Amino acid sequence: MRKMVKFLAITTAIVGVGLVSRINASAKTTYQYSYSPASEDGGVPYFTKTAKVVDGGTIWNSTHTKKIGNLKNQPYSRWFVEKVYTKKKNGKVVSYYYQAVRQNSNRKKKYLIWSGYLNKAISKSPEKFKTDSEYSNYIQTADSQRLTRAILRLFPNTQVSLKLSQLSNDGATYAPTTYSGFNHVINIGTPGFTYAGQPGISSGPSGYLWDTRAEPVKPRIKEFDRKLSAAGYPASVRDKMTTGKIGIFIADATTVNSKVGLPSKDSADSTWSWFKIVYGEPTK
């Protein structure tokens, strides 16, 4: 009887070891490659979803075997998603992970990040909005509009006009001196802008923003401010621009009018850079 009990114990232990082995083997294959999004820029741009990483934010190596960082230490970082992986449980997808590379870093370093920690970097064109308040609320809340918000702070007494934003959003270098319903137009966001016969700087503020697209906002806005001053629009002048409106549309290496969530399998998430900033006084 004792031999039988011992035999059963050994058998149970062997079965248990086999079960654990199968679980471990299953765990190793939990994270499976799903697809690579179609992108002309080697990846779809995303931002760290700061509010979601307070109690998490782990950055894994590309094989999901080692923790190598935390998004809490990179609250405004930009990532390019190159591949999508699925995590399955009992054969069903329970979550998604992104293989991503950090903006302006060594693109050979690949990281695995839970999709819930990242927001797709989406810029919505002015044509998507109906009122000034709708458009202004979008600018003040969207992740992709941090640069827009910083630019608008340089014009503290000028309100955004949806109509002027829509009128000026007609080509990267389109810079007429008049728009229907507006006078004394300053094409701030195009190379060599002029106003009242005063020549703008040769490269133009927009050229600088294009050359530094997707880089951190603070140093860029400091240089942008300097270029405005050099063109005859220092803070003392901008503070008095109270009778006009600003039309603005900034797509700073983002996707335009895309869908939130997973990156598209087609070219719908192609990256755009667009810098249109126009000042004009409404006609009576």
Side-chain angles (χ1 to χ4, degrees), residues 47 76 119 121-191 193-196 200 204-210 212-213 217-218 220-225 227-229 231-258 272-284:
F47 292 113
Y76 301 112
N119 271 334
I122 301 174
S123 294
K124 295 182 180 180
S125 66
E127 286 72 21
K128 294 291 183 178
F129 300 89
K130 296 181 179 180
T131 66
D132 286 352
S133 60
E134 271 187 13
Y135 191 47
S136 294
N137 181 67
Y138 154 71
I139 289 173
Q140 294 303 320
T141 56
D143 287 340
S144 64
Q145 297 303 293
R146 291 186 65 236
L147 178 60
T148 308
R149 292 193 287 272
I151 289 173
L152 291 176
R153 284 194 288 270
L154 299 178
F155 299 85
N157 301 313
T158 312
Q159 295 182 333
V160 173
S161 165
L162 174 62
K163 180 181 179 180
L164 186 55
S165 300
Q166 292 171 337
L167 289 171
S168 62
N169 184 31
D170 192 16
T173 59
Y174 183 65
T177 55
T178 60
Y179 290 100
S180 176
F182 294 89
N183 291 325
H184 307 298
V185 172
I186 309 172
N187 287 286
I188 301 170
T190 54
F193 72 85
T194 61
Y195 176 59
S206 176
Y208 167 73
L209 294 177
W210 175 267
T212 59
R213 58 192 180 279
V217 169
K218 287 185 178 180
R220 295 169 73 198
I221 208 67
K222 183 178 180 179
E223 179 62 15
F224 186 77
D225 188 2
K227 287 184 176 294
L228 286 176
S229 298
Y233 300 95
S236 59
V237 172
R238 298 194 304 267
D239 288 348
K240 297 176 182 179
M241 297 168 75
T242 59
T243 58
K245 301 283 187 178
I246 281 185
I248 189 168
F249 173 46
I250 303 294
D252 188 33
T254 60
T255 66
V256 177
N257 297 330
S258 180
W272 288 69
S273 292
W274 203 268
F275 307 97
K276 296 304 294 287
I277 313 164
V278 174
Y279 175 85
E281 297 182 3
T283 56
K284 300 296 184 180

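All figures in this text were calculated on a predicted structure; none of them were measured in a lab.
The aromatic rings of F129 and Y135 sit tilted, their planes meeting at an angle between 30° and 60°.
Not counting sequence neighbours, the partners of T131 by the side-chain contact (heavy atoms from CB on, under 4.5 Å) test are S133, E134. Remark: S136 engages V160 in a side-chain contact (heavy atoms from CB on, under 4.5 Å) (not counting sequence neighbours).
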Using side chain to side chain contact (heavy atoms under 4.5 Å, CB included), reason through T212 and F224 one step at a time and then give a plain yes or no.
CA-CA 11 Å; T212 59; F224 186 77; over 6 Å; no
Is there a side chain to side chain contact (heavy atoms under 4.5 Å, CB included) between M241 and I186 once you walk through the steps? CA-CA 11 Å; M241 297 168 75; I186 309 172; 3.8 Å; yes
Are I151 and I221 close enough, and set up right, to give a side chain to side chain contact (heavy atoms under 4.5 Å, CB included), and what steps lead you there?
CA-CA 7 Å; I151 289 173; I221 208 67; 3.6 Å; yes
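When all heavy atoms are compared, the tightest approach of S123 to A251 is OG-CA, 3.5 Å.
Listed for the D132 side chain is a donor-acceptor partner under 3.5 Å among the backbone atoms of L162. With hydrogens and angles disregarded, a donor-acceptor distance shorter than 3.5 Å links the side chain of R213 to the backbone of W210. In this structure, Y138 contributes its side chain and K124 its backbone to a donor-acceptor pair below 3.5 Å. Checked by atom type and distance alone, the side chain of S165 never pairs as donor or acceptor with a backbone atom of F249 at under 3.5 Å.
Between the CD1 atom of I246 and the CZ atom of F155 there is a distance of 5.0 Å, given to the nearest 0.5 Å. Here CH2 of W274 is found 11.5 Å from CD1 of I250. Values are rounded to the nearest 0.5 Å. Here the CZ-CZ distance, from R238 to R153, works out to 12.5 Å after rounding to the nearest 0.5 Å. Taking OH of Y279 as the reference point, atom CD1 of I248 lies at 14.0 Å (rounded to 0.5 Å). The CD1 atom of I139 sits 6.0 Å away from the OG1 atom of T148 when rounded to the nearest 0.5 Å. Taking CD from Q145 and CD from Q140, the interatomic distance works out to 9.5 Å, rounded to the nearest 0.5 Å.
N257 and S125 are linked by a side-chain donor-acceptor pair at a separation below 3.5 angstrom, with hydrogens and angles left out of the test.
The list of salt bridge (Lys or Arg N to Asp or Glu O under 4.0 Å) pairs with a residue in residues 241-255, not counting sequence neighbours, reads R78-D252, R220-D252.
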